Amino acid sequence: MPREYTYGPFQSRRLGLSLGVDILPRSKLCTFNCVYCEIGPTGKNQLVSPNFRIKLPPSPLFRKELKSILKFVPHLNSITFGYNGEPTLNENILDFLKIALEVRDDLNWTHEKPKLTLFTNSSTLIFDEIRERVKQFELVLAKLDVATNNYFKQSNRPHPETPKIESIIDSITKLKKEMPMDHKLAIQCLFYNSYREEYISNNNPENVKNLAYAIKRIKPDLVQIYSTARIPAEYFVFAIDDERKREIIKIFKEIIQNDKIKIEYY
Ligand code: SF4
């Protein structure tokens, strides 16, 4: 059977064995054009405003496809929405979630059931109706790797209609407060270095410190620090090493001072 919606499962650094679900059109659709994006640069026609919505309801094939794959992986850890851009741009995201939940709950699992997980770049969380949808996922991985607008523009290169990073930080904070107690919020911080002398990457002391203060405010369940692992969109981007990740964790812990927030690196 040809596959329309799913990728993998793959062993993910952050999620364990994860089946990817893509609910966007075949080509990338995103509100950002991150310099480190591992699915390539966001083309002109692929870069959209956070106000943009696409209606792409699931076809009957989605349920069939999920069922036929999931029965082979009773030890799966996560059914993960994301991969080809920003999934909250699809108005029908909850139709997909409903089907995925039904299929998952109908099957027998060797350990815990796989979590219904969502990757979001956080740009659409300013909208109440989007937070209402997002909070229904059991694990939300929200991107935040800068804390000031100059680095936001440099690193994530957002669509011009994207709100300022302070508003995005406020909306992630709101999301956490609105999420059910048994659903978890993880903040994903991707740090990278730059070979271009005039280009300051987000791996600089000022950004690390400001980001820690933003996370302190958000109070997520988990912070995931990681770096590029595949070819980035821009040639000048390269990964930080594990030693630097441990240093960042130390700085985060000193500023955040909250044992309830787990901080991990990958
Ligand atoms: S938000 Fe994600 S998909 Fe969009 S450009 Fe950045 S890394 Fe790529």
Side-chain angles (χ1 to χ4, degrees), residues 5 12 14-16 18-24 29-32 49-58 62 66 76-105 112-145 156 158 162-189 214-224 256 258 260-264:
Y5 296 103
S12 147
R14 286 165 284 164
L15 297 168
S18 161
L19 180 76
V21 175
D22 188 13
I23 62 169
L24 292 174
L29 192 66
C30 199
T31 52
F32 290 175
S49 159
N51 297 297
F52 176 89
R53 296 289 174 270
I54 188 164
K55 273 189 193 274
L56 273 181
F62 180 56
L66 265 187
L76 191 76
N77 302 113
S78 176
I79 301 171
T80 313
F81 284 49
Y83 294 98
N84 206 15
E86 175 47 38
T88 59
L89 295 171
N90 187 346
E91 285 280 39
N92 298 97
I93 188 167
L94 289 187
D95 301 327
F96 283 92
L97 178 64
K98 186 171 174 284
I99 293 171
L101 276 164
E102 285 169 6
V103 173
R104 179 197 67 177
D105 291 347
E112 277 177 34
K113 292 175 183 178
K115 281 200 167 42
L116 266 304
T117 303
L118 174 73
F119 272 112
T120 174
N121 68 12
S122 313
S123 64
T124 56
L125 295 176
I126 45 154
F127 302 108
D128 296 350
E129 73 277 11
I130 297 288
R131 289 197 311 283
E132 196 52 44
R133 294 170 192 171
V134 166
K135 74 180 198 192
Q136 300 191 37
F137 283 81
E138 295 159 342
L139 174 62
V140 177
L141 302 171
K143 173 187 291 301
L144 185 69
D145 30 50
N156 304 106
T162 306
K164 291 206 160 63
I165 197 70
E166 293 81 19
S167 309
I168 293 180
I169 293 167
D170 286 347
S171 54
I172 308 175
T173 312
K174 255 190 185 169
L175 172 72
K176 174 58 190 155
K177 287 188 184 137
E178 293 165 0
M179 281 174 81
M181 290 293 280
D182 58 337
H183 288 188
K184 303 284 178 225
L185 174 69
I187 299 294
Q188 310 173 73
C189 306
I215 292 167
K216 189 181 171 99
R217 217 152 36 92
I218 295 169
K219 297 192 185 75
D221 299 284
L222 178 67
V223 180
Q224 299 180 323
I256 296 171
N258 183 342
K260 287 191 192 138
I261 303 175
K262 240 169 103 185
I263 308 177
E264 295 174 344

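Because the structure is predicted, anything quoted here is derived from the model rather than measured.
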Next item on the list: Would you give the length of the straight line joining atom CG of L24 to atom OH of Y83, rounded to the nearest 0.5 angstrom?
Entry: 13.0 Å

Margin query: Counting only heavy atoms not in E112 (residues, nucleotides, ligands), do more than 12 fall under 6.0 Å from its CD?
Written below: no

Check: Below 4.5 Å, heavy atoms only, C-beta onward: do L175 and K135 meet side chain to side chain?
Finding: yes

Next item on the list: Would you check if L118 and I93 make a side-chain contact, meaning some heavy-atom pair closer than 4.5 Å?
Entry: yes

Notebook entry, point to check: How about L139 and L222: do any of their side-chain heavy atoms sit closer than 4.5 Å?
Noted result: no

Checklist line | Distance in Å, N77 CG paired with R14 CZ, rounded so as to fall on 0.5 Å steps | finding: 14.0 Å

Checklist line | Pairwise distance OG(S122) to CD1(I165) - rounded to 0.5 angstrom | finding: 7.5 Å

Checklist line | Nearest heavy atoms of I126 and S167, plus distance in Å | finding: CG2-O, 4.0 Å

Next item on the list: For L15 and L141, run side-chain contact (heavy atoms from CB on, under 4.5 Å): C-alpha distance rounded to whole Å, both residues' side-chain angles, the deciding distance at 0.1 Å, then the answer.
Entry: CA-CA 10 Å; L15 297 168; L141 302 171; 3.9 Å; yes

Next item on the list: Output all residues satisfying side chain to side chain contact (heavy atoms under 4.5 Å, CB included) with K177, sequence neighbours left out; order by chain, then residue number.
Entry: T173

Margin query: Side chains of S12 and S18: any donor to acceptor distance under 3.5 Å?
Written below: no

Note to self: Can you confirm whether I263 sits close enough to I256 that some side-chain heavy atom of one is under 4.5 Å from a side-chain heavy atom of the other?
What the structure shows: yes

Item checked: Inter-residue atom distance S78.OG - K115.NZ, 0.5 Å rounding -> 8.5 Å

Margin query: Tell me if the NZ atom of K164 is crowded by more than 12 foreign heavy atoms within 6.0 Å.
Written below: no

Margin query: In the structure I gave you, are the side-chain heavy atoms of D145 and N156 within less than 4.5 Å of one another anywhere?
Written below: yes

Notebook entry, point to check: Do D95 and F62 pass the side-chain contact (heavy atoms from CB on, under 4.5 Å) test, and can you show the C-alpha distance, the side-chain angles, and the key distance before you say yes or no?
Noted result: CA-CA 10 Å; D95 301 327; F62 180 56; over 6 Å; no

Next item on the list: Show the numbers, then the answer: is there a side-chain contact (heavy atoms from CB on, under 4.5 Å) between I23 and L56?
Entry: CA-CA 8 Å; I23 62 169; L56 273 181; over 6 Å; no

Next item on the list: Salt-bridge test for K113 and E138: reply yes if a basic N is under 4.0 Å from a carboxylate O, no otherwise.
Entry: no

Notebook entry, point to check: Out of T88, N121, T162, which residue meets the side-chain hydrogen bond (donor to acceptor under 3.5 Å, both in side chains) rule with T31?
Noted result: N121

Margin query: Give me the atom names and distance for the closest heavy-atom approach of L125 to V134.
Written below: CD2-CG2, 3.9 Å

Item checked: Min side-chain heavy-atom separation C189-I215 under 4.5 Å -> yes

Next item on the list: Please determine if R131 and E178 form a salt bridge, counting it only when a charged side-chain N lies under 4.0 Å from a carboxylate O.
Entry: yes

Item checked: Candidates F119, Y5, F137 - the one meeting ring pair (Phe, Tyr, Trp, His ring centres under 6.0 Å) with F81 -> F137

Note to self: Contact between I168 and K143 at the side-chain level, heavy atoms closer than 4.5 Å - yes or no?
What the structure shows: no

Checklist line | Closest contact, heavy atoms only, L185 versus A142 | finding: CD1-CB, 4.0 Å

Next item on the list: Search all heavy atoms of T124 against all heavy atoms of P50 and return the closest pair with its distance.
Entry: CG2-O, 3.8 Å

Item checked: Nearest-0.5 Å distance, CD1 of residue I187 to CD1 of residue I218 -> 4.0 Å

Item checked: Contact check, side chains of V140 and K176, non-hydrogen atoms, under 4.5 Å -> no

Note to self: How close do H183 and Q136 get, counting heavy atoms only, and between which atoms?
What the structure shows: CE1-O, 3.5 Å

Next item on the list: To the nearest 0.5 angstrom, please state how far the CG atom of L97 sits from the CZ atom of R133.
Entry: 12.0 Å

Check: Looking at L144 and A214, what are the two nearest heavy atoms and their distance?
Finding: CD2-CB, 4.3 Å

Note to self: Do the side chains of E102 and K98 get close enough for a salt bridge, i.e. N-O under 4.0 angstrom?
What the structure shows: yes

